[in-house]
Asks: 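Quick one: the structure is below, and I'll ask about it shortly.
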Amino acid sequence: MTLLTALNTALRDVLADDPKTLVMGEDVGRLGGVFRVTEGLQKDFGEDRVMDTPLAESGIVGTAIGLALRGYRPVVEIQFDGFVFPGYDQIVTQLAKMPARSRGLIRLPIVIRIPYGGGIGAVEHHSESPEALFAHVAGLRVMSPSNPSDAYWMLRQAVQSDDPVIFFEPKRRYYDKGEVDTTASDQPPAHRARVVRPGTDLTLAAYGPMVRTCLDAAAVAAEEGRQLEVVDLRSISPVDFDTVRESVRRTGRLVVAHEAPVFFGAGAEIAAHVTEHCFYHLSAPVLRVGAYHSPYPPSRLEDEYLPGIDRVLDAVDRAFAH
């Protein structure tokens with residue numbers, strides 16, 4: 001399947017399994033979403049289960065919270081990453097806080113799907129990577145799949161979770177293909193990181209769209225005699241630090257990569273944690289790779305803005321120079 005088809009299949013399966021599961025968002029019904037992730041769902045499950053909403057992100061999230069209070073499991077689509085900010089208030093002041101505010105008596109099993117990142121030649125507000133803003137908020141789970149199999153299973157696990165989940169979908173990987181076994185019963189939990197390429201010389205940690213970039217970089221490095229281990233974090237909050245620490249203790253070096261700007265990005269937290277807990281195993285400082293600390297540029301400059309294989313390999317070279 002493509003990653004996009006895997007997401008569509010996951011939504012179809014959760015809608016079929018639980019009549020309390022709903023899909024809602026701008027153009028998710030008749031159009032099937034701007035990326036066609038929800039294509040065919042309204043036709044098969046009806047307008048009461050797959051609902052087109054007004055263009056009002058705060059109202060969409062607020063309505064989902066009300067539905068969750070009445071026992072439903074809403075799956076909300078935010079059409080583009082930069083469109084989430086009108087709903088940010090509802091997410092951080094209500095969705096994230098309600099379970100703690102009620103001392104656990106109220107659960108809000110809501111999934112907010114956000115296509116994110118660049119690589120599609122779009123303008124600002126259509127290519128943002130705001131995951132660190134949500135990972136900083138206690139009470140939210142934040143995750144991002146990098147391949148079709150994880151897209152299917154992580155979305156299913158997100159819908160089944162009683163905690164609110166911000167589910168970031170790497171839009172430039174929507175058409176990447178991979179094997180998906182929808183009958184497998186031994187899937188790891190969504191918050192567990194995965195070593196997707198073993199190595200001995202350096203650890204590359206990434207999530208979402210950058211995992212494929214790091215795998216490509218590791219393949220190039222192998223031609224130069226360096227064996228890089230690639231860790232797919234999968235979850236940004238919580239972070240599976242156990243898997244990261246185990247990898248770094250084997251390799252002695254760490255480069256963290258994400259599309260978001262390096263400044264105050266998720267990589268900073270991982271770098272600080274590894275430096276604190278693996279200091280005597282490190283042969284070099286932990287390095288970070290990401291976008292520049294500037295507004296998202298016009299599409300002609302996108303390739304210069306986004307981190308690619310060369311920027312990852314440059315960090316690898318700097319790590320080995322120590």
Side-chain angles (χ1 to χ4, degrees), residues 57-58 60-62 64-65 76 78 80-102 104 107-118 124-125 127-146 154 158 161-170 189-193 205-210 231-245 254 256-277 286-296 307:
E57 285 76 15
S58 181
I60 295 170
V61 177
I65 292 171
V76 170
I78 302 297
F80 282 93
D81 34 54
F83 296 177
V84 72
F85 297 112
Y88 190 74
D89 181 17
Q90 289 280 5
I91 293 171
V92 301
T93 62
Q94 301 296 336
L95 182 60
K97 303 295 192 299
M98 191 75 75
R101 187 181 298 149
S102 66
R107 312 301 297 181
L108 295 177
I110 297 172
V111 177
I112 299 180
R113 296 178 39 247
I114 305 177
Y116 82 121
E124 62 176 326
H125 306 313
S127 302
E128 318 292 336
S129 297
E131 61 271 17
L133 299 177
F134 295 93
H136 186 72
V137 178
L140 300 175
R141 293 183 179 272
V142 183
M143 59 184 70
S144 179
S146 67
M154 289 172 66
S161 173
D162 286 334
D163 297 320
V165 176
I166 312 298
F167 194 88
F168 283 100
E169 301 170 4
H191 64 268
R192 188 79 47 79
Y207 54 85
M210 284 300 292
V231 176
D232 184 349
L233 296 170
R234 303 170 80 235
S235 173
I236 308 153
S237 181
V239 175
D240 179 6
F241 285 117
D242 290 343
T243 297
V244 177
R245 288 196 303 266
L254 174 64
V256 188
H258 48 62
E259 269 197 22
V262 170
F263 187 72
F264 272 79
E269 180 65 29
I270 296 168
H273 179 96
V274 169
T275 300
E276 180 179 352
H277 293 276
V286 178
L287 300 178
R288 294 173 289 153
V289 175
Y292 301 113
H293 189 51
S294 67
Y296 204 88

Asks: Locate the shortest heavy-atom distance separating Asp240 from Ala193; write the atom from each residue and the value.
Replies: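 Of all heavy-atom pairs spanning Asp240 and Ala193, the closest is OD2-N, 2.9 Å.
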Asks: Which atom names give the shortest non-hydrogen contact between Ala271 and Val286, and what distance separates them?
Replies: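 Looks like CB-CG1, 3.6 Å.
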Asks: Please lay out, stage by stage, how Leu95 and Ile112 fare under the test side chain to side chain contact (heavy atoms under 4.5 Å, CB included).
Replies: CA-CA 11 Å; Leu95 182 60; Ile112 299 180; 3.7 Å; yes
Asks: What residues, two or more places apart in sequence or in another chain, satisfy side chain to side chain contact (heavy atoms under 4.5 Å, CB included) together with Val262?
Replies: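 So Val262 forms a side chain to side chain contact (heavy atoms under 4.5 Å, CB included) with Arg288.
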Asks: Of all residues at least two apart in sequence or in a different chain, which pass the salt bridge (Lys or Arg N to Asp or Glu O under 4.0 Å) check with Asp81?
Replies: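 Here the qualifying residues are Lys171.
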Asks: For Phe241, give me all partners under side chain to side chain contact (heavy atoms under 4.5 Å, CB included), at least two apart in sequence or on another chain.
Replies: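 Partners of Phe241 under the side chain to side chain contact (heavy atoms under 4.5 Å, CB included) test: Val239, Arg245, Glu269, Ile270, His273.
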Asks: Just to verify, what does Ser237 make a side chain to side chain donor-acceptor pair (under 3.5 Å) with, not counting sequence neighbours?
Replies: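 With sequence neighbours excluded, Ser237 shows a side chain to side chain donor-acceptor pair (under 3.5 Å) to no residue whatsoever.
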Asks: Give the table of side-chain donor-acceptor pairs shorter than 3.5 Å for residues 136-144, with sequence neighbours excluded, one pair per line with atom names and distance.
Replies:
unit_1 : atom_1 : unit_2 : atom_2 : d
Arg141 : NE     : Asp163 : OD2    : 3.1
Arg141 : NH2    : Asp163 : OD2    : 3.4
Ser144 : OG     : Tyr116 : OH     : 2.8
Ser144 : OG     : Phe168 : O      : 3.0

Asks: Which atom names give the shortest non-hydrogen contact between Ala291 and Glu259, and what distance separates them?
Replies: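 So the two residues come closest at CB-O, 3.0 Å.
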Asks: For the OG atom of Ser146 and the CE atom of Met210, what is their distance to the nearest 0.5 Å?
Replies: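 It comes to 12.0 Å.
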Asks: Which heavy atom in Ser161 sits nearest to a heavy atom in Pro109, and how many Å separate them?
Replies: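 Here Ser161 and Pro109 meet closest at O-CB, 3.4 Å.
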Asks: Who are the side chain to side chain donor-acceptor pair (under 3.5 Å) partners of Arg234, not counting sequence neighbours?
Replies: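 Checked Arg234 against side chain to side chain donor-acceptor pair (under 3.5 Å); matches are Asp150.
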Asks: Nearest 0.5 Å please: distance from the CE atom of Met98 over to the CD1 atom of Ile65.
Replies: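 So the gap between those two atoms works out to 6.5 Å.
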Asks: Mind checking what makes ring pair (Phe, Tyr, Trp, His ring centres under 6.0 Å) contact with Phe263, not counting sequence neighbours?
Replies: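 Once residues adjacent in sequence are excluded, the partners of Phe263 under the ring pair (Phe, Tyr, Trp, His ring centres under 6.0 Å) criterion are His293.
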Asks: Who pairs with Pro86 by side chain to side chain contact (heavy atoms under 4.5 Å, CB included), at least two apart in sequence or on another chain?
Replies: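 Pro86 satisfies side chain to side chain contact (heavy atoms under 4.5 Å, CB included) with Glu57 once adjacent residues are dropped.
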Asks: Which residues pass the side chain to side chain donor-acceptor pair (under 3.5 Å) test with Thr93, sequence neighbours left out?
Replies: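 Listed in chain order: Asp89.
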Asks: Identify the residue among Ile166, Ile114, Ile91 that makes a side chain to side chain contact (heavy atoms under 4.5 Å, CB included) with Ile78.
Replies: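 Going through Ile166, Ile114, Ile91 one by one, the side chain to side chain contact (heavy atoms under 4.5 Å, CB included) with Ile78 is satisfied by Ile114 alone.
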Asks: To the closest 0.5 Å, what do you measure between CZ (Arg192) and CE (Met154)?
Replies: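 It comes to 12.5 Å.
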Asks: Distance-only criterion, 3.5 Å: show the donor-acceptor pairs between side-chain atoms of residues 127-134 and protein atoms not counting sequence neighbours.
Replies:
unit_1 : atom_1 : unit_2 : atom_2 : d
Glu128 : OE2    : His125 : N      : 2.6
Glu131 : OE2    : Tyr207 : OH     : 2.6

Asks: Look at the aromatic rings of Phe80 and Phe83 and report parallel, tilted or perpendicular, splitting at 30° and 60°.
Replies: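 Because their plane-to-plane angle is over 60°, the rings of Phe80 and Phe83 count as perpendicular.
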Asks: Check side chain to side chain donor-acceptor pair (under 3.5 Å) between Gln94 and all other residues, then give those that pass, not counting sequence neighbours.
Replies: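 If we apply the side chain to side chain donor-acceptor pair (under 3.5 Å) test to Gln94, skipping adjacent residues, the hits are Arg101.
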